[in-house]
Asker: 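Dropping the structure in here first, questions after.
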Amino acid sequence: MNRSPAVPLTLAGALLIATAAPFALELTSGDEKFSTTALSGMYLVRMALALIGTLALLVAIPRLRALPGTGGHLPGWSLDAALIATALTAATQFVQLFVVRWLGDIDPDLLDIPMGGVLMASMVASWVLYLLAWTIVGGLALRRQVVPVPAGVLLIIGAVLQPVFGPLAALPFGAALLMTARAARGSTIQVTDASAAPIASRS
């Protein structure tokens, strides 16, 4: 490849892991109201980091298209779906970072009203899209041997974690990108099929 995706994938992977670290320290939260949490400085820092991590993932997605595999490149439609799903996640985090704080300054009680109706339906739809899109990308990456096997598995794990743990999904995504970048730097992609190894190692 003339333009190796290794450098942008490495930067995106490292940034994803760095921004997810604060969330790993707070898997268990207290019983305080959401309005109390949302108006704290730590919440703002954590959501800002989450948004940065998601934007890093957005930047990395087009680079995955350049990766060769023994079964061909990843299809554009799968990466387009992942791009849309990830963009919706970034939009959600933007709202959590800026709009939630603005609403809390006006009336904190608004933040403690349970979600429902159209808002809840749209959130669930975006979670389902994210889960499906990234599971498909991970599965195709494994099938076409575009990324190392552990990286493909981590992409699927990240897809499952996002609807449940939110920004913590950046950890497996970041690790997957770092593994893929390392393989790209070596100009070969790790494969599991021994019969395909000579194809992957040809210069």
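All residue numbers in this chain count up from 1 along the given sequence.
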Asker: Looking at Ala175 and Ile17, what are the two nearest heavy atoms and their distance?
Answerer: N-CD1, 3.8 Å
Asker: Got a second to check how far Leu83's CG is from Trp77's CH2, nearest 0.5 Å?
Answerer: 14.5 Å
Asker: Are any non-hydrogen side-chain atoms of Pro108 and Leu39 less than 4.5 angstrom apart?
Answerer: yes
Asker: Compile the donor-acceptor pairs under 3.5 Å between side chains in residues 154-174 and protein atoms, sequence neighbours left out, one pair per line.
Answerer:
none

Asker: Let me see the working for Leu140 and Val146 under side-chain contact (heavy atoms from CB on, under 4.5 Å), right down to the final yes or no.
Answerer: CA-CA 8 Å; Leu140 287 173; Val146 172; over 6 Å; no
Asker: So, taking the atom named CG in Leu111 and the one named OG1 in Thr36, what distance separates them when rounded to the nearest 0.5 Å?
Answerer: 9.5 Å
Asker: Under a single-linkage definition using a 4.5 Å side-chain heavy-atom cutoff for Ile, Leu, Val, Met, Phe, Trp and Tyr, are Leu110 and Phe98 assigned to the same hydrophobic cluster?
Answerer: yes
Asker: For the residue pair Pro5 and Leu67, establish whether any side-chain heavy-atom pair is separated by less than 4.5 Å.
Answerer: yes
Asker: Donor-acceptor pairs are to be reported for all side-chain atoms of residues 124-133 against protein atoms at under 3.5 Å, with residues two or more places apart or in another chain.
Answerer:
from, atom 1, to, atom 2, distance (Å)
Ser126, OG, Met123, O, 2.7

Asker: Please say which of Gln145, Arg143, Arg144 ends up in a side-chain hydrogen bond (donor to acceptor under 3.5 Å, both in side chains) with Thr70.
Answerer: Gln145
Asker: Between CG of Leu119 and CD1 of Ile113, what distance do you get to the nearest 0.5 Å?
Answerer: 11.0 Å
Asker: Tell me, please, which residues at least two apart from Arg101 pass salt bridge (Lys or Arg N to Asp or Glu O under 4.0 Å).
Answerer: Asp105
Asker: Rounded at 0.5 Å granularity, tell me how far CZ in Arg182 sits from OG1 in Thr10.
Answerer: 11.0 Å
Asker: So which of Leu97, Val99, Thr92 actually passes side chain to side chain contact (heavy atoms under 4.5 Å, CB included) with Val95?
Answerer: Val99
Asker: Enumerate donor-acceptor pairs with a distance under 3.5 Å from any side-chain N or O in residues 51-63 to protein atoms, sequence neighbours excluded.
Answerer:
from, atom 1, to, atom 2, distance (Å)
Thr54, OG1, Ala50, O, 3.1
Thr54, OG1, Gln93, OE1, 2.6
Thr54, OG1, Gln93, NE2, 3.2
Arg63, NH1, Val59, O, 3.0

Asker: Can you tell me how far apart CD1 (Ile136) and OG (Ser78) are? Round to the nearest 0.5 Å.
Answerer: 8.0 Å
Asker: Quick one: which residue pairs count as a ring-ring contact (aromatic ring centres under 6.0 Å, His included) with a foot in residues 35-67, not counting sequence neighbours?
Answerer: Phe34-Tyr43
Asker: Show which residues join Val118 in its hydrophobic cluster (side-chain heavy-atom contacts under 4.5 Å, direct or indirect), or state none.
Answerer: none
Asker: Group every Ile, Leu, Val, Met, Phe, Trp and Tyr by side-chain heavy-atom contacts under 4.5 Å, then state whether Leu15 and Met179 land in the same group.
Answerer: no
Asker: Check whether any side-chain heavy atom of Pro8 sits under 4.5 Å from a side-chain heavy atom of Leu11, and report yes or no.
Answerer: no
Asker: Give, for atom CG of Leu9 and atom CG of Leu178, the distance between the pair rounded to the nearest 0.5 Å.
Answerer: 9.0 Å
Asker: Met47 and Leu44: same hydrophobic cluster, using ILVMFWY side-chain contacts below 4.5 Å?
Answerer: yes
